[in-house]
Amino acid sequence: MATSDHMKRLMGASSWIRRMFEEGIELKKQVGEKNVFDFSLGNPITEPPEAFFKAFKELADNPKKGLHRYMPNLGFTSTREKIAQYYSKEFNHNITLNDVILTNGAAGAINVFLKSILDPANEVIVFTPFFAEYRFYIDNHQGRMVVLPCDEDFIPDLKRLEKSINYETVAIILNTPNNPTGKIYPSEFYKKMVEIVRKRSKELNRVIYIISDEPYRKIVYDNKKNPTLFDYYEYSVFVTSHSKDLALAGERIGYLILHPELPSKNELLNAMAFSNRILGYVNAPATMQYLIESLLGESVDISSYQYKRDLLYNALIDAGYDVKKPEGAFYLFVKSPIPDDIKFIQHLKTYNILTVPGVGFGLDGYFRISYAVEDWVVEKSLPFFKQAIENLPL
Ligand SMILES: Cc1ncc(COP(=O)(O)O)c(C=O)c1O
């Protein structure tokens with residue numbers, strides 16, 4: 001027995017994106033890199049902005065004494081202060097450094113928070129389609145994931161939410177702009193949702209947190225604005241990272257901000273510092289913490305993603321696909337033209353197009369296209385998407 005049965009089960013449930021990625025490597029060997037349209041991974045294609053390399057070089061030329069040592073588990077005070085200042089303006093709330101913890105990406109932030117609030121068998125609510133890793137993050141801390149649907153527009157079903165909140169419910173995870181749908185949740189939705197959560201929370205006499213996972217916050221199109229959950233709910237936490245907006249996914253830098261009026265904030269902050277430590281992260285990467293101090297307003301060139309979104313969206317609509325126009329992030333979540341999404345993505349593969357079935361996000365009957373790819377991949381693939389829908393498998 002090399003691994004636990006539990007781990008075998010988890011790995012079995014996680015295989016879709018990985019499987020497509022591995023099949024892609026095989027296919028590329030067979031037909032050549034330039035003939036495969038690999039839309040399977042959400043890995044940022046752009047390089048980090050110039051300002052990042054400038055700051056990096058400046059630091060290398062002028063080393064900062066003590067920078068690379070152990071530090072407080074919450075992160076550098078100066079970095080927490082800069083983040084607090086930046087988001088005080090962004091959210092129009094008075095955020096202080098005592099609301100901020102630096103983490104190993106958004107993934108680290110969600111894990112640290114869940115570790116700090118979950119007792120065994122507590123429930124965390126997510127909505128389909130959802131970022132597949134949530135299942136494992138919740139399981140890491142012995143929680144139970146409760147999966148609820150969205151409507152046709154990918155807005156969470158609030159009637160189902162109201163019915164599902166029970167004595168074990170401790171958190172709800174929202175993700176906006178959404179992976180895989182590209183949806184940005186509007187303020188009206190937050191208002192209605194918070195009304196329900198407050199009502200149930202009062203009836204049950206339980207605290208229910210809402211985690212707003214927003215690593216794509218800066219990747220929005222057509223000047224669309226992201227509302228903030230902080231305007232509506234004090235038991236909310238904001239999670240983000242620079243994996244996507246600065247294309248630093250491999251550097252693992254992110255953070256979590258507590259609502260400044262969250263009751264018992266200090267207890268939670270201490271628990272998160274401890275979680276960061278005992279999960280083995282200890283602290284977020286020191287060099288990256290230091291560098292982002294001057295990069296909080298920067299981002300990769302969003303227009304390069306918008307170019308690909310427009311090209312793909314228009315071509316898919318013209319070809320007869322059913323897809324909602326994404327408002328942010330870099331994914332399209334497309335209705336499968338046949339009910340069986342796995343069969344359809346296998347059909348797409350015969351045209352050397354690699355995508356991920358909706359079932360990988362808890363919602364079958366759809367497939368996801370990640371357009372975090374080079375332009376030529378999108379441009380060259382369009383006739384093949386058209387052929388694929390014109391020649392549906394029996
Ligand atoms: C919705 C969502 N949340 C969290 C993450 C994890 O981000 P990070 O790399 O910052 O840990 C991702 C990464 O793809 C994501 O899509």
Side-chain angles (χ1 to χ4, degrees), residues 14 16-18 20-21 39-46 48 52 75 83 101-115 124-138 140 145 147 150 154 156 171-185 210-220 226 229 237-257 275-276 279-281 283-285 288-289 291-292 295-296 299-300 305 326-333 356 358 360-363 368-373:
S14 85
W16 268 113
I17 296 181
R18 191 92 234 147
M20 292 315 291
F21 178 62
F39 296 103
S40 61
L41 272 191
N43 204 0
I45 186 68
T46 49
F52 169 77
I83 291 171
I101 171 172
L102 274 297
T103 57
N104 282 234
I110 298 169
N111 271 283
V112 158
F113 189 71
L114 292 176
K115 176 88 180 160
V124 179
I125 294 175
V126 303
F127 297 92
T128 53
F130 57 86
F131 176 52
E133 304 297 275
Y134 291 154
R135 179 188 302 281
F136 309 112
Y137 300 166
I138 295 165
N140 281 345
M145 183 168 86
V147 179
C150 283
F154 302 123
I172 296 162
I173 306 181
L174 298 179
N175 165 221
T176 178
N178 188 271
N179 171 12
T181 66
K183 185 80 195 166
I184 294 175
Y185 296 138
I210 306 181
I211 303 167
S212 194
D213 180 24
E214 306 192 32
Y216 303 94
R217 190 172 172 86
K218 287 214 189 91
I219 305 180
V220 296
N226 281 297
L229 184 59
V237 302
F238 168 78
V239 165
T240 195
S241 74
H242 294 297
S243 296
K244 318 288 177 178
D245 64 15
L246 294 180
L248 292 175
E251 301 295 348
R252 313 306 306 135
I253 184 71
Y255 37 90
L256 182 146
I257 307 179
S275 297
N276 215 13
L279 286 172
Y281 303 129
N283 55 256
M288 289 302 133
Q289 289 195 41
L291 291 180
I292 63 159
L295 300 171
L296 293 170
S299 97
V300 295
Y305 285 126
E327 298 163 307
F330 40 59
Y331 310 100
L332 284 151
F333 201 55
V356 182
F361 305 90
L363 187 62
R368 187 191 80 172
I369 297 172
S370 164
Y371 51 90
V373 294

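Order of listing sets the numbers, starting from 1, for every ligand and every atom in it.
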- Task: Answer yes or no: is there a side-chain heavy-atom contact under 4.5 Å between Ile219 and Pro177?
- Result: no

- Message: Can you name the atoms of ligand 1, numbered from 1 with element, that are less than 4.0 Å from a heavy atom of Ala107?
- Response: 6 (C), 8 (P), 11 (O)

- Message: If we only consider heavy atoms of Ala249, is any one of them less than 4.0 Å away from an atom in ligand 1?
- Response: no

- Note on the structure: The closest protein heavy-atom partner of atom 16 (O) of ligand 1 is Tyr216 OH, 2.7 Å

- Provide, to 0.1 Å, the distance between atom 12 (C) of ligand 1 and the closest protein heavy atom, together with that atom's residue and name. Phe131 CZ, 3.4 Å

- Message: When you compare ligand 1 with Asn104, is there at least one nitrogen or oxygen pair between them that comes in under 3.5 angstrom?
- Response: no

- Note on the structure: For Gly105, the atoms of ligand 1 under 4.0 Å from one of its heavy atoms are 10 (O), 11 (O)

- Task: Heavy-atom contacts with Asp213 under 4.0 Å: which atoms of ligand 1 show up? List them by number with element.
- Result: 1 (C), 2 (C), 3 (N), 4 (C)

- Message: Donor-acceptor pair, distance only, cut-off 3.5 Å: does the side chain of Glu214 make one with the backbone of Phe238?
- Response: no

- Item | ligand 1 contact on Ala106 by region, counting heavy-atom pairs under 4.0 Å | both

- Which ligand 1 atoms, with their elements, are less than 4.0 angstrom from a heavy-atom of Asn175? 1 (C)

- The answer for which part of Glu133 has a heavy atom under 4.0 Å from ligand 1 is neither

- Note on the structure: One finds that the ligand 1 atoms under 4.0 Å from a non-hydrogen atom of Lys244 are 13 (C), 14 (O)

- Message: For Asn111 and Asn104: C-alpha separation, side-chain torsions, deciding distance, then whether side-chain contact (heavy atoms from CB on, under 4.5 Å) applies.
- Response: CA-CA 10 Å; Asn111 271 283; Asn104 282 234; over 6 Å; no

- Rounded to the nearest 0.5 angstrom, the CZ-CG distance for Phe127 and Asn175 is 12.0 Å

- Message: With heavy-atom distances below 4.0 Å as the criterion, list the atoms of ligand 1 near Ser243.
- Response: 8 (P), 9 (O), 10 (O)

- Is the shortest heavy-atom distance from the side chain of Met145 to the side chain of Phe130 under 4.5 Å? yes

- Taking the side chain as every heavy atom from C-beta outward, state whether Phe52 and Leu246 have any atom pair closer than 4.5 Å. no

- Name the orientation class of the two ring planes belonging to Tyr134 and Phe131 (parallel below 30°, tilted from 30 to 60°, perpendicular beyond 60°). perpendicular

- Task: Verify the ring-centre separation between Tyr331 and Phe361: is it less than 6.0 angstrom?
- Result: no

- Any non-hydrogen atom of Arg252 lying under 4.0 Å from ligand 1? yes

- Can you sort out which atoms of ligand 1 are near Ser241, meaning under 4.0 Å from one of its heavy atoms? 10 (O)

- Message: Just verifying a value: how many Å separate Phe330 CZ and Asn43 CG, rounded to the nearest 0.5 Å?
- Response: 8.0 Å

